[in-house]
Amino acid sequence: MKALTNETAKAAYQKMNTIRDFEEHVRKIFAAGVIPGFVHLYAGEEAIAVAACAHLNQQDYITSTHRGHGHCIAKGCDVNGMMAEIYGKTTGLCKGKGGSMHIADLDQGMLGANGMVGGGFPIAIGAALRQQYLKTDRVVICFFGDGAANEGAFHESLNMAAIWKLPVVFVNENNGFGEATPPKYASASKTFASRAAAYDMPGEKVDGKDFMAVYNAVGQAVDRARAGEGPSLIECQTYRTYGHFEGDEQTYKFDSPEEIAFAKRDDIQEFRAYALKANLFTEAEATAVEDQAMAAVQAAVQFAEDSPLPDAQALYEDVYAD
Amino acid sequence: MKALTNETAKAAYQKMNTIRDFEEHVRKIFAAGVIPGFVHLYAGEEAIAVAACAHLNQQDYITSTHRGHGHCIAKGCDVNGMMAEIYGKTTGLCKGKGGSMHIADLDQGMLGANGMVGGGFPIAIGAALRQQYLKTDRVVICFFGDGAANEGAFHESLNMAAIWKLPVVFVNENNGFGEATPPKYASASKTFASRAAAYDMPGEKVDGKDFMAVYNAVGQAVDRARAGEGPSLIECQTYRTYGHFEGDEQTYKFDSPEEIAFAKRDDIQEFRAYALKANLFTEAEATAVEDQAMAAVQAAVQFAEDSPLPDAQALYEDVYAD
Amino acid sequence: MSRKSNITFMQVINEALDQAMAKDDRVFLMGEDLAGGATVKHLAEANQDAWGGVFGVTKGLMPKYGRQRVIDTPISEMSYMGAAVGAAVTGLRPVPELMFNDFIGYCLDTILAQGSKMRYMFGGKASMPLTVRTTHGAGANAAAQHSGSYYGLLGAIPGVKVVVPTTPYDAKGLLLAAIEDNNIVVFSEDKTLYGVKGPVPEEYYTVPIGKAQIKRAGTDLTIVAIGKMVFVAQAVADQLAKEGVEAEVIDLVTVAPWDQATVLQSVQKTGRLIIIDEAQPHNNTATDIAAVVADQAFDYLDGPVKRITAPNTPVPFATNLEQLYLPSAQSVLTEAQEIITDLKPIKA
Amino acid sequence: MSRKSNITFMQVINEALDQAMAKDDRVFLMGEDLAGGATVKHLAEANQDAWGGVFGVTKGLMPKYGRQRVIDTPISEMSYMGAAVGAAVTGLRPVPELMFNDFIGYCLDTILAQGSKMRYMFGGKASMPLTVRTTHGAGANAAAQHSGSYYGLLGAIPGVKVVVPTTPYDAKGLLLAAIEDNNIVVFSEDKTLYGVKGPVPEEYYTVPIGKAQIKRAGTDLTIVAIGKMVFVAQAVADQLAKEGVEAEVIDLVTVAPWDQATVLQSVQKTGRLIIIDEAQPHNNTATDIAAVVADQAFDYLDGPVKRITAPNTPVPFATNLEQLYLPSAQSVLTEAQEIITDLKPIKA
Ligand SMILES: Cc1ncc(C[n+]2csc(CCOP(=O)(O)OP(=O)(O)O)c2C)c(N)n1
Ligand SMILES: Cc1ncc(C[n+]2csc(CCOP(=O)(O)OP(=O)(O)O)c2C)c(N)n1
Ligand SMILES: [Mg+2]
Ligand SMILES: [Mg+2]
């Protein structure tokens, strides 16, 4: 695992900011009625996607979730194409035919947001099997939520990854709720990380608001995977800033003082403070990165607004390959 | 948990013998081409079904598997009706419409053999939920194989049972193979019992050829369940005497000396010896029970042979209830 | 009818569930976030639910009946749907909710291999008083994995009944009939109809499963439609009426088993049939109706049987494409031109 | 054709898989006990498989290609079928086996929501070179959960192709075509046909997906049949020939997308249509064909379109009931009497 450099720290900080700015914009535009459909925002969880994907190359793969914007940006998807996709415009990454829940970019190794909770598990196994089959040293990260962890596919896929020693890292984003239901109700295990034992696989729980904690844990897991030492499960405790989807009134907030305090933490500000203190980048660099991120997102909104809707013919295309 | 008495020990011994005799007869008749379809024999695993069901009343429920004859007999199903069912005769427990893989008897709390591996998990949850809902003190035993343990429903159902503290005992019959594949290949966990920890549920592994070991472990689990203390997982190591299904050449036998020795053990003979030594019943009583079991099975074969096939009209009946 | 004003489709479902639960202790609900907020302290203290389902349909039922009868489940479709089967076969009357019918791929076994077959496999000894509430339908920009219409796929399974209500009135009566039924009934709600209002009695009543309804009588042409396609059919009929063509509009209401008598009678009268079904085009309810009519009413047919369905594509996200995806009055008029054009000179 | 004697359907599948794997390194098999005996020492030492699948179809392929290309999976249908989708979208060409199509309830999502929709949802960027081998069909006394015919259910899904071969010759060519195809192809084998023999070239060849085959030419009546129902159709045609009625028998071969041109052409010639499909009666391929014909060949029809299918029941276990369950020459003649009786006087 490589230590952060000025370069990589700035890149990570830029991605975190891009995600946050992206989501804040999507939120506003959705509230204004411009964007159709369901939108699940990643704001507040940036540290996880960015820290995890910091260990990946373009040719590594990730599988994502319904809450996929952050994973896309972290894996290097183009924000113009993403925003246009969310608008349902023809310039979108999926020609506007997928939308927020199905953004994908195979060229960037992003195997798709997924509208089916737990849908990413088997796909990650397949992608990891491919790496092993072709004897590459590429790896796969499978992002999934606390709610998704109760789907049967979790069990099947972790077991399969373990028996075949597949190069996959399961990154659990435990944001305290699956829709409006907390894992303390929905899951019998004390931590999700502890479930790794059932698959004889390393499991670790980290503070998901702490970029470096995620960075280190996933980094070790990715190293193991690349070395052919098999899968790992990393649980990242986090909290989403907004509701389950846009429109959710969030009547189910945390109760305990510790939870409330946790929910207030800002992963981006914490990383900024850490990086400055560690001299990874300067205040001026940070500001520049923030500005760049904001500018890119604003440009993406403009790009999406200016883009045309798909042609009618597009309805019938892309069902079958030749 | 009640200690065995002369009465209950004889009853258990009779059931074990009935299962063995039943299966040996089915095997011969199948080989002779009289019985159609797929048949999976329970011979060699009798101790598990009988010791587990010894703790149940008629109104408790069990869910079973494709290898269900033993569970049926242990739970009190009529052997005439069972044999006729396997023959596809109208006097069968399911009017000949279900066959070996679907024998059920709701009056006996037997919720069906099941052709779908893992199909019993959710049904057991439902039956256990019923007990809790109606505030009964009845329990449910869910039998399942080592192979079935890798189905997603295992995970979902154990988790649900645990979070709701349902009165269900998951009895794993680890017979060393799922079809022709051993769990040491198919499962990443060292023991299935150890997976219970992921659900914060008691888990125990016992010698499934040892009636008393199963009796004690399941007995405690059933007691806990009846007392509202929630589910348990009991893994029983065993071995099936014959192939996966009748016709299987079993080219995949055990290798190691320990495994081979284990496979040779006869759970019925061991229980006989134990019971005699413990003065639970006498040699004469044992012989009488053996004869009764054999006579009942022979009568069942005769009954099935003599019974008519279903009327043509039966094809169309029993699809919808009024 | 004792209620003064109209209420929405969504409120009606809630009312029906409420009345079913009040009437029969064995009726209970289970699904994801039907209440929401389980174990959240401030909600528990106030005896409040957080969501009432993702659409708010079941809001208020948990506070009234408690968490034991409005059961929030983990996200484990196979096991909670299968648990409903297990609870039904042991005597309860579960009403599980499958949030979107698109999730059927996670739990089809519970219906296909278990619930629908138990009675038959068990020689008639089991009954299966199970009502699966689910949602279908495009038009909400929910994209490919949340917009499907799979009532036809489920209706193909022997042992399963499938109901697709169009009006609030029917929704209530059919849901209560479904819960009274001793078979699996899939009660499929079109998510885009939740806001539709209509007159609905406050009292408990049932609407029979298996009966189609003639929404508009006509002599020239039969239009059979399912769910929100009934509104399309009515728009088509209105349009045709202006041109002197009188279409009979039938709301199929029950998709399995569908009401052959009503449809055949109408076609025997009109000799012409258009079926509108928003499911994808192959092996669906529309083809089933067309096939039965082409068999049993062949001698009465004066022209080809026309099916207007979604195209053979997944549901697209972009708003304009999704609108094109759905059958519309215009697309019906265009695609069924052949048999309609024939009629106009006759009537003129 | 370089082979001297006939080989069985089962051997042919094995040969096709062998040749596909030899030709393209990216092709691999996965499923339950495709080899069997993984980690069993004496088998490993002898480089032997234990089973070759539950029917023995893949026997010998593991010893030849190794466990990395003939992958035995845990009993985890959702995840290994979904893994096949993941492997296909990242460039391999998986050929997973779903032992019985009845297990689709455990893993439908991988086809319904993932594999079939990815290309569309991703704006055309994905391809899905995935061949799902599975088995269907009653007649083996395998009872309600192992005897279904769900090719129609799967064929209803946009993005999926479904092939149901009848002859060993077609089985080989179609399986190779399926593996070459860049879409999900469900290759559904009738387990009761595995022992059927026929002439099959040893060489690699493909048979085009989507083409029906005229098995017997005729002018009076068209019989379209699927899979083993083609033999029933041929028996019916033989019987009718004795009475002077010349039936055209069409083997549909591909169930999705089925060959409309061939069927419509035949019906335009004969004016009469019987469809034999052993699937359960509703919303199946037979209704799809009937519906398309009742639309597009209506003017050519001289009588009702008859569908002979299984009844609307699960598959019963008892041998006599199972035989009754399946369409037979006799049941076809009886149920389609109406259009056949009409013909006889014409021909006499
Ligand atoms: C198979 C399936 N079941 C249910 C849903 C509805 N649903 C969408 S998101 C969600 C909650 C997921 O929770 P979690 O995995 O914790 O992810 P989070 O939203 O918290 O990021 C649910 C139940 C779905 N989309 N797919
Ligand atoms: C869902 C499903 N998958 C696969 C099968 C095929 N099958 C029948 S029995 C069996 C092995 C089950 O193994 P295990 O659970 O260990 O039970 P055992 O046969 O050893 O008693 C398999 C794979 C099936 N019937 N259902
Ligand atoms: Mg969550
Ligand atoms: Mg086993």
Side-chain angles (χ1 to χ4, degrees), chain A residues 61 63 81 85 90 92-99 101-107 109 111-116 118-135 138 140 151-161 163-164 166 310 314-315 317-322, chain D residues 25-26 28 30 38-39 67-69 71-94 96 106-107 109-110 112-130 157-161 181-185 209-210 257:
Chain A
Y61 289 116
T63 62
E85 189 57 37
T90 193
L93 281 178
C94 307
K95 299 187 193 161
K97 292 164 78 166
M101 271 197 291
H102 307 300
I103 300 183
D105 191 344
L106 301 183
D107 293 337
L111 296 176
N114 209 311
M116 307 301 302
F121 292 119
I123 296 169
I125 295 298
L129 200 60
R130 173 214 188 266
Q131 311 300 40
Q132 192 177 67
Y133 190 93
L134 296 179
K135 302 189 171 46
R138 303 184 199 163
V140 180
E151 290 283 12
F154 166 89
H155 172 64
E156 296 183 355
S157 291
L158 268 77
N159 185 54
M160 280 170 66
I163 64 168
W164 293 334
L166 294 179
L315 172 60
E317 292 166 351
D318 305 323
V319 181
Y320 292 93
D322 292 329
Chain D
D25 280 349
R26 295 166 305 172
F28 70 98
M30 72 193 308
T39 68
R67 289 203 177 266
Q68 201 172 4
R69 294 187 67 194
I71 305 176
D72 280 351
T73 68
I75 311 178
S76 309
E77 287 79 7
M78 178 72 106
S79 287
Y80 82 75
M81 290 285 291
V85 169
V89 79
T90 56
L92 299 184
R93 306 189 78 86
Y106 277 55
C107 55
D109 191 73
T110 62
L112 180 70
Q114 310 293 347
S116 69
K117 292 187 169 51
M118 273 187 183
R119 182 174 180 80
Y120 196 81
M121 294 190 301
F122 296 177
K125 284 183 204 151
S127 63
M128 194 51 61
L130 175 62
I157 304 170
V160 177
K161 299 183 183 181
D181 202 288
N182 285 323
N183 299 283
I184 300 191
V185 184
I209 293 174

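First the proteins, then the strands, lettered A, B, ... as listed; each starts at 1.
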Between [X] and chain D, with a heavy-atom cut-off of 4.5 Å, which part of the residue counts as in contact: side chain, backbone, both or neither?
X	value
A:Leu158	neither
A:Gln132	both
A:Leu106	side chain

Residues in side chain to side chain contact (heavy atoms under 4.5 Å, CB included) contact with A:Tyr133, at least two apart in sequence or another chain:
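By the side chain to side chain contact (heavy atoms under 4.5 Å, CB included) rule, A:Tyr133 matches D:Phe28, D:Gln68, D:Arg69, D:Leu92.
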
Between chain D and each of A:Ile163, A:Asp322, A:Val140, A:Asp318, count heavy-atom pairs under 4.5 Å; write down the option with the most.
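Option with the greatest count: A:Asp318.
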
Name the member of A:Glu317, A:Met116, A:Arg130, A:Gln131 that forms the most heavy-atom pairs with chain D at distances under 4.5 Å.
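Option with the top pair count is A:Arg130.
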
Test item: side-chain donor near acceptor, D:Ser76 and A:Glu156, under 3.5 Å
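Per modelled atom types, D:Ser76 and A:Glu156 side chains form no pair under 3.5 Å.
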
Do A:Cys94 and A:His102 have side chains that approach each other closer than 4.5 Å (heavy atoms only, starting at C-beta)?
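No, every pair of side-chain atoms sits at 4.5 Å or beyond.
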
Would you call D:Met121 and A:Met101 a side-chain contact if the rule is heavy atoms closer than 4.5 Å?
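Not touching, per the 4.5 Å side-chain cut-off.
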
D:Leu130 and D:Ala88: which non-hydrogen atoms are nearest, and at how many Å?
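Scanning both residues completely, I find the closest heavy atoms to be CB-CB, 4.1 Å.
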
Engaged part of [X] at the chain A interface, taking heavy atoms whose separation is under 4.5 Å:
X	result
D:Met81	neither
D:Asn183	side chain
D:Met128	neither
D:Ile71	side chain
D:Ala113	side chain

Quick check: does any side chain N or O of D:Thr110 sit under 3.5 Å from a backbone N or O of D:Cys107, one acting as donor and the other as acceptor?
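Indeed, once roles are kept as given, a pair shorter than 3.5 Å links the two residues.
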
Contacts table for residues 119-127 of chain A: side-chain donor-acceptor under 3.5 angstrom, sequence neighbours left out:
none

